[in-house]
Visitor: 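One structure, as structure tokens, below. Some questions next.
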Amino acid sequence: MDQREKAFGWAARDSSGLLSPFSFTLRANGEEDITLKVLYCGVCHTDLSTIKNEWGNAQYPVVPGHEIIGVVTDIGLKVSNFKVGDIAGIGYIAFSCLSCENCSSNFENYCPKLVPFFNGTLPDETTTYGGFSNKITINEHFSVKIPENLPLPAGTAPLLCGGITVYCALKNYGLNRPGLHLGVVGLGGLGHLAVKFAKALGMKVSVVSSGGKREEAMKILGADSFLVRGNSEEIKAAQGTMDGIIDTVPEVHDIVPLIGLLKTHGKLLMVGSPDKPLELPVYPLMSGGKSIGGSMIGGVKDMQEMLKFAAAHHITAEVEVVPMDYVNTAMERLEKGDVRYRFVIDVAETIEAE
């Protein structure tokens, strides 16, 4: 007998990215799996890029969503870390091999066989559908426990992609020490969380973004200074002052002025993912012993560590909670940068079957 459950969500069928109700069959809950009723799901720029096929990898129909908070409704016979009724979090990873060098080092996010939680195909050829749906099933290894002292479940959801992305970039490149001066380029979903984590780590933070965000960056988020990205005088005055920069901008942009902001041996960390290549002049790097690196999300161990740190420092995302049927408008606004700072869908209370 087929024990698989029926589920429903919102899916894009083509590169228009238009989302509409979609029914599908949830894969069976295996011995090491947990099934969750989805409570909240964040809306990430990766969701937008995928449903519009900007990276050329969309497998339609696509049910997006990989910043998921849910309540456990079923567990497999070998599940040991969760029980029915627990609140769990799911990020970008649905599967990794758990045996390669990266997985053995707790870097499942760099596993060559990684399967994303949406728009992917598992080894058993099951399609992965994301958190813009009423229920999900996942191997417990790729789930994390949500600390009880983390407030606002909706504000916690974006930590599972946006939060872990900036946390791991800072940690793995050694830019997580008190007293260092960090530049944060772009003040969106990733950028505002980078400011919060960096300030909690005791760092000096300068935001580099559009001029309209100066007051909120400094008064609401606690940044120490603000540079308008297009203001050549402000950029020039800050030359050579930053130990590191985390660049969260997902569009093509000029990185040469950013390299100039770095001190000798400074590091520019790329965590945004433009759909076209950036120009990279080498001499500005050579002349200051500077470097550019990249970082993508984080492993499960780091995810749990990040949540523990966030709970201790009361870090959650600034969110706009929206109903499921608002998601197309949310995507349009996200594309325009019209959100402070992350949309989160109240899935449990607003999703309806076809």
Side-chain angles (χ1 to χ4, degrees), residues 1-10 23-43 63 65-95 98 108 117-118 122 126 128-161 163-164 298-312 314-317 319 321-324 342 344-353:
M1 180 181 293
D2 190 344
Q3 297 296 317
R4 295 178 297 173
E5 297 182 59
K6 297 296 183 182
F8 51 91
W10 281 52
S23 295
F24 60 97
T25 301
L26 201 65
R27 72 179 179 85
N29 196 85
E31 290 186 332
E32 298 177 351
D33 292 338
I34 60 174
T35 295
L36 281 72
K37 173 186 176 181
V38 178
L39 301 177
Y40 295 97
C41 186
V43 181
V63 177
H66 57 280
E67 297 180 336
I68 304 162
I69 301 291
V71 58
V72 177
T73 59
D74 191 16
I75 61 172
L77 292 175
K78 294 183 179 179
V79 169
S80 59
N81 292 324
F82 295 90
K83 63 182 184 302
V84 172
D86 283 350
I87 303 298
I90 312 296
Y92 186 75
I93 306 172
F95 172 87
L98 300 180
E108 299 97 333
F117 193 76
F118 77 102
L122 294 166
T126 303
T128 59
Y129 294 122
F132 289 19
S133 58
N134 68 324
K135 60 183 73 172
I136 56 175
T137 297
I138 189 169
N139 185 296
E140 72 163 335
H141 178 85
F142 303 105
S143 309
V144 290
K145 290 189 173 182
I146 303 301
E148 293 182 0
N149 57 334
L150 250 181
L152 301 174
T156 299
L159 299 182
L160 301 171
C161 176
I164 189 61
V300 178
K301 182 179 179 181
D302 280 336
M303 180 98 80
Q304 198 70 69
E305 176 186 295
M306 177 273 299
L307 289 172
K308 182 178 179 181
F309 181 89
H314 310 290
I315 297 173
T316 54
V319 300
V321 180
V322 299
M324 192 76 240
R342 200 69 144 189
V344 173
I345 304 168
D346 184 348
V347 178
E349 293 297 326
T350 64
I351 196 168
E352 297 180 1

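Remember, it's a predicted structure, so these values are computed and weren't measured experimentally. We number each residue from 1, following the sequence as shown.
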Visitor: Does the side chain of T137 pick up a donor-acceptor pair with the side chain of T35 at under 3.5 Å?
Guide: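 Yes.
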Visitor: Considering all heavy atoms of both residues, which atom of P158 and which atom of V344 are nearest to each other, and what is their separation?
Guide: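 What the structure gives for the nearest pair is CG-CG2, 3.8 Å.
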Visitor: For V63 and F118: C-alpha separation, side-chain torsions, deciding distance, then whether side chain to side chain contact (heavy atoms under 4.5 Å, CB included) applies.
Guide: CA-CA 7 Å; V63 177; F118 77 102; 5.9 Å; no
Visitor: Please state whether the rings of F142 and F95 are parallel, tilted or perpendicular, taking 30° and 60° as the class boundaries.
Guide: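 Because their plane-to-plane angle lies in the 30° to 60° range, the rings of F142 and F95 count as tilted.
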Visitor: First locate atom CG of L36, then atom CD1 of I90, and finally report the distance between them rounded to the nearest 0.5 Å.
Guide: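 So the CG of L36 and the CD1 of I90 are separated by 5.5 Å.
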Visitor: How many angstroms lie between atom CD1 of I138 and atom CG of D33, to the nearest 0.5 angstrom?
Guide: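 The CD1 atom of I138 sits 8.5 Å away from the CG atom of D33.
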Visitor: In Å, rounded to the nearest 0.5 Å, how long is the span from CD1 of I345 to OH of Y40?
Guide: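 OH of Y40 is found 12.5 Å from CD1 of I345.
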Visitor: Under the 3.5 angstrom rule, does the side chain of T350 hit a backbone N or O of D346 as a donor-acceptor pair?
Guide: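 Yes, T350 side chain to D346 backbone: donor-acceptor pair under 3.5 Å.
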Visitor: In Å and rounded to the nearest 0.5 Å, what is the CD to CG distance from E32 to L77?
Guide: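 Here the rounded value is 10.5 Å.
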Visitor: Show which side-chain atoms of residues 143-151 pair as donor or acceptor with protein atoms under 3.5 Å away, not counting sequence neighbours.
Guide:
from, atom 1, to, atom 2, distance (Å)
K145, NZ, N81, O, 2.8

Visitor: Can you find a heavy atom in the side chain of K135 that is under 4.5 Å from one in the side chain of T73?
Guide: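 Heavy-atom side-chain distance check fails, nothing below 4.5 Å.
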Visitor: Between E67 and C161, what is the shortest heavy-atom contact and its length?
Guide: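 Smallest interatomic distance, heavy atoms only, reads OE2-CB, 3.1 Å.
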Visitor: Run the ring-centre check on H66 versus F117 and record whether the distance is less than 6.0 Å.
Guide: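 Between H66 and F117, the centre distance exceeds or equals 6.0 Å.
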Visitor: Could you measure the distance from the NZ atom of K83 to the CD1 atom of I75? Nearest 0.5 Å is fine.
Guide: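 Rounded to the nearest 0.5 Å, the NZ-CD1 separation comes to 9.5 Å.
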Visitor: Apply side chain to side chain contact (heavy atoms under 4.5 Å, CB included) to residues Y129 and L26 and explain how you reach the verdict.
Guide: CA-CA 9 Å; Y129 294 122; L26 201 65; over 6 Å; no
Visitor: Rounded to the nearest 0.5 Å, how far does CG of N139 lie from CD1 of I93?
Guide: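 That separation rounds to 11.5 Å.
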